[in-house]
Amino acid sequence: MIIKRQKIRPWMLKKEILILYYGLRDKRTTVIAKLPAIFSIIYLLSPIDLIPDFIPFFGYIDDIVIVPLLLNLAIKLLPAEVREESILKANRNHNKFKLLIFGLSLLILALLVGIFFLIRHLINN
């Protein structure tokens, strides 16, 4: 069964990440297909950017453009059968992924609130 994959749009980044997660874990995926995904992660975490992030607005433009392009390239480089299976798995597990992201967001928010109250308590004493 061949699935015609629609073009990945910027608002589909969560689904694209999920597709890449399944695609990169597959043993049939070549190293060449993994490189753009690895480079996008390194680029996001690296303090070195084409345009430094401290420049208002323009500092984040390169991140917003380069990372999705690299992720889209990584999906295109996946072998066809791996890509199809990854899309099917991503569609099946999309709700679980959304729930995981929501839970992690709540956890981070709770940690930030806890840190805020701890610092506030330390300052007042």
message: If I compare all heavy atoms of Ala74 with all of Leu20, which pair ends up nearest, and what's the gap?
response: CB-CD2, 3.6 Å
query: Hey, does Tyr22 have a side-chain heavy atom less than 4.5 Å from the side chain of Leu88?
result: no
- prompt: Just wondering, more than 12 heavy atoms not from Tyr21 lying within 6.0 Å of its OH?
  reply: no
From CA spacing to verdict: side-chain contact (heavy atoms from CB on, under 4.5 Å), Lys96, Asn93: CA-CA 5 Å; Lys96 290 180 188 176; Asn93 297 320; 3.8 Å; yes
- prompt: Which residues satisfy the side-chain contact (heavy atoms from CB on, under 4.5 Å) test with Ile66, sequence neighbours excluded?
  reply: Tyr43, Leu50, Asp62, Leu70
- prompt: Do Leu71 and Val67 touch side chain to side chain, with heavy atoms closer than 4.5 Å?
  reply: yes
message: Within this structure, what is the CG-CZ distance for the pair Asn124 and Arg120, rounded to the nearest 0.5 Å?
response: 6.5 Å
For residues 105-116, run the donor-acceptor check on the side chains, cut-off 3.5 Å, and write out each pair with its distance to 0.1 Å, sequence neighbours left out.
unit_1: Ser105; atom_1: OG; unit_2: Ile101; atom_2: O; d: 2.8

query: At their closest point, which heavy atom of Leu18 faces which heavy atom of Ala90, and how far apart are they?
result: CD2-O, 3.6 Å
message: Rounded to the nearest 0.5 Å, what separates atom CD1 in Ile64 from atom CG in Leu69?
response: 12.0 Å
message: If I take atom CD1 from residue Ile19 and atom CZ from residue Arg83, how far apart are they, to the nearest 0.5 angstrom?
response: 10.0 Å
- request: Say whether Leu24 and Leu100 are linked into one hydrophobic cluster, either directly or through other cluster members, by side-chain heavy-atom distances under 4.5 angstrom.
  value: no
- request: Grab the two heavy atoms, one from Glu16 and one from Ile75, that are nearest each other, plus how far apart they are.
  value: CG-CD1, 3.1 Å
task: Of all the heavy-atom pairs spanning Ala33 and Leu77, show the shortest one and how long it is.
output: CB-O, 3.5 Å
- prompt: With no hydrogens and no angle check, is any side-chain donor or acceptor of Asn91 less than 3.5 Å from a backbone partner on Ile87?
  reply: yes
query: What pairs meet the salt bridge (Lys or Arg N to Asp or Glu O under 4.0 Å) rule with one or both residues in residues 20-42, with sequence neighbours excluded?
result: Asp26-Arg28, Arg28-Glu85
- line: When rounded to the nearest 0.5 Å, the distance separating CG of Leu73 from CZ of Phe39 is 11.0 Å
